[in-house]
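Notes follow the structure.
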Amino acid sequence: MSFEQELAEQRREKLKRIEALGYLTYPHRFAYTHTLPQILQMFSSKTAEELMAEKPIVRVCGRLQAIRGHGKAGFADLAQSDARLQVYVRKDAVGDRGFELYQLLDLGDFIGAEGYLFRTRTGEMSLHVTDFIMLSKALLPLPEKWHGLQDLELRYRQRYLDLLANQEVRSVFLARSRLIRALRSAFDQRGFVEVETPMMQPLPGGATAKPFRTHHNALDIDLFLRIAPELYLKRLVVGGLDRVYEINRNFRNEGISTQHNPEFTMLEFYQAYSDYMDLMALTEELLPELAMQTCGTKEIKFGDHIIDFDNISRYSLREAICQFWPDDATRPQLDELSDEKRTADLIKNWNSMFPELDRVPVPDLANPSGGISHGAALALLFEAVCERKLIQPTIIYDFPVEISPLAKSKANEPGWVERFELYIAGMEIANAYSELNDPDEQRRRFEMQMALREKGDAEAHEMDEDYIRALSYGMPPTAGEGIGIDRLAMILTGSRSIRDVILFPLMRPEVPADSETD
RNA sequence: GGGCACGUAGCUCAAUUGGCAGAGCAGGGGACUCUUAAUCCUCAGGUUGCAGGUUCGAUUCCUGCCGUGCUCACCA
């Protein structure tokens, strides 16, 4: 028997002794008069004399986080919802049977206690217990009380222990909850309707990504976990829901990193009769609002940076390449980026300047239909040159059409679309565009994607006939945006890894301890 | 998937050049009726992630595997 099992056996033995004393071991409820946060709020300001005079009688409950015995008396710390109250148990106050129960308590047990509030000699408000019961026993020992739970693997696999032991982890997830509440309230106030669209889709669309595949037995069809809700939300705009939003999970069958979890939470919203400029304005309005409601400030500390959510700059993608180009001698002029030859030279230039980085692919001018397109190459060059430098909130607008199959072209520049992305802390946080609502143009864009797919791009967008049919009934001019909630939560909580803002990040399954290895 | 680290008691961490695997917390027993990382005495707790190899001897060196982290690639 392992030591851990031994400890559990000892505690089961205690449960039997508790039962023998006539207590229930797993009672069904406890009628408390106050939560611990309420106790602290209501009585913390009272002096020892005031408490002595009033002797307020309360019933409270929580988990034991410290026990300090003193012979025929003892102290214990009761914890509930980030609040802590010391309880004082004396044999002469709880009786022989009650004190025997006290001596059978372990760290981690839940108890319910009745008594009166007083201040100890050191001034700490405490509960002088007159009666108490066991509510539930911890058979396994909790993490160390002083250092908490450090082991990252255990913290992710057994998040409940992480939440118990590490107060700052609780506060991260409370902040995430405030963020989502602030988002809902922001969109509700602006007249948006919250909807839910399929997570299981026969055709994965709305993004370029590799999907998870699953199977429905009764229909005997393969389905895909959605990579984005986009095409369904726009069908709803066709259906007359002018302002819709959805906060839900997307699934992408790709790598895992500090910025990527296979399932992640996305807000997508669509606003009819608007274009991407309207959404830039809305985004700039939204960000400080979210920061205030989540953190109480618009200036957020992230690593070595203070990120100012009130101050959002804008560059076009081409401007950004010129602006952030690292070398004055070779810095491109804006109009040069429209020239394919000049772009190809620039990329070669970049690759030779930073040989330690991965090469940005160079478009093949002699064979324009093979290899990477001018637009896709420019987008990659932008990422290489600019992305990690975009620490302060920055909107990057106007993207190449080749990588934007669902966005509306710019009126005077058909090779470019009305699309923007929001970057904070070097991460892409949001992606938005004026939605392409011309069904014939949408078909041509899908056909362009099919051509890419035939050239081996597994992530190129699939042809979606039903979506084209929906557009054919008419969709108003509409702008839509997706915001990565996990990454926004990272920034607002100062978390360096996405796993620190996802309660149960995906891990390899544990190998059972008793399994034979072969 | 590539590269680099890490894995020792339930938890947090030690262990000299390769020489008997230790401490604190938690746990058992005992003392203690105002402590708060309570204190004091005492006891128990380990196939050092797994499997091999080198060696008189491996927590330590080597190989493979498993797991985790960071990073690169892919991506939001």
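Here the structure is a predicted model, which means the values were calculated and not measured.
- Residues of residues 81-93 of chain A that place a heavy atom closer than 4.0 Å to RNA chain B, in numerical order, are Gln86(A), Tyr88(A), Arg90(A), Asp92(A).
- Residue Arg508(A) places at least one side-chain N or O closer than 4.0 Å to OP1 or OP2 of rU68(B).
- Arg63(A) contributes a side-chain N or O that, together with a main-chain N or O of Gly108(A), makes up a donor-acceptor pair within less than 3.5 Å.
- Among the atoms of the strands shown, only primed sugar atoms or phosphate atoms (P, OP1, OP2) are found under 4.0 Å from some heavy atom of Gly148(A).
- Separating the OH atom in Tyr397(A) from the CZ atom in Arg318(A) is a distance of 9.5 Å, to the nearest 0.5 Å.
- Within a 6.0 Å radius of CE in Met507(A), more than 12 heavy atoms belonging to other residues, nucleotides or ligands are found.
- If you check rC70(B) for Watson-Crick or wobble pairing at under 3.5 angstrom, you find it paired to rG3(B).
- Of the nucleotides present, none pairs with rU55(B) by Watson-Crick or G-U wobble criteria with both distances under 3.5 Å.
- A close approach under 4.0 Å does occur between a side-chain nitrogen or oxygen of Lys145(A) and OP1 or OP2 of rA26(B).
- Using cut-offs of 30° and 60° on the angle between ring planes, the pair Tyr116(A) and His128(A) is parallel.
- Using a 4.0 Å cut-off, some side-chain N or O of Arg121(A) falls inside it from OP1 or OP2 of rU35(B).
- In this structure rA14(B) sits in no base pair that meets the Watson-Crick or G-U test at under 3.5 Å.
- One can place CG of Leu139(A) at 17 Å from P of rC11(B), the figure rounded to the nearest angstrom.
- When atom types are taken as modelled, the side chain of Asn166(A) and the backbone of Leu149(A) share a donor-acceptor pair closer than 3.5 angstrom.
- Partner assigned to rA26(B) is none, using Watson-Crick or G-U wobble distances below 3.5 angstrom.
- In this structure, of rC11(B), rA76(B), rG69(B), it is rA76(B) that holds the atom nearest to the side chain of Arg487(A).
- An aromatic stacking contact between Phe3(A) and the base of rG45(B) is absent, as defined here by ring centres under 5.5 Å apart and ring planes under 30° from parallel.
- For the pair Thr258(A) and Gln10(A), nearest-nucleotide mapping onto RNA chain B gives the more 5' position to Gln10(A).
- More than 12 non-hydrogen atoms from other residues, nucleotides or ligands lie less than 6.0 angstrom from CZ of Arg97(A).
- Checking Gly123(A) against Asp151(A), the closest nucleotide of RNA chain B that is more toward the 5' end is the one next to Asp151(A).
- Residue Arg157(A) places at least one side-chain N or O under 4.0 Å from the OP1 or OP2 atom of rU68(B).
- rA9(B) and rC13(B): their C1' atoms are spaced 11 Å apart (whole Å).
- For the pair Thr394(A) (side chain) and Leu390(A) (backbone), a donor-acceptor distance under 3.5 Å is absent.
- Across all strands shown, rU60(B) has no partner, as no Watson-Crick or G-U wobble contact with both distances under 3.5 Å is found.
- In this entry rU8(B) has no Watson-Crick or G-U wobble partner, no candidate having both defining distances under 3.5 Å.
- For rU39(B), the paired base is rA31(B) (Watson-Crick or G-U wobble, both distances below 3.5 Å).
- Across residues 94-115 of chain A, Asp106(A), Leu107(A) each have a non-hydrogen atom less than 4.0 Å from an atom of RNA chain B (numbered order).
- Remark: P of rA76(B) and CG of Asn261(A) are 15 Å apart, rounded to the nearest angstrom.
- Taking only side-chain nitrogens and oxygens, Ser2(A) never comes nearer than 4.0 Å to OP1 or OP2 of rG10(B).
- For NZ of Lys55(A), the number of neighbouring non-hydrogen atoms (other residues, nucleotides, ligands) closer than 6.0 Å is 12 at most.
- Rounded to a whole Å, the CZ atom of Arg11(A) is 20 Å from the P atom of rA44(B).
- For the salt bridge (charged side-chain N to carboxylate O under 4.0 Å, His left out) condition, the pairs that include at least one residue of residues 114-125 of chain A, sequence neighbours left out, are Arg59(A)-Glu114(A), Arg84(A)-Glu124(A).
- Note on Arg252(A): every side-chain N or O is 4.0 Å or more away from OP1 and OP2 of rC74(B).
- For Asp398(A) and Arg419(A), the salt-bridge test fails: no basic side-chain N is under 4.0 Å from an acidic carboxylate O.
- We find the OG-CD1 distance between Ser313(A) and Ile395(A) to be 8.5 Å, quoted to the nearest 0.5 Å.
- For the pair Lys14(A) NZ and rG29(B) P, the computed distance is 7 Å after rounding to whole Å.
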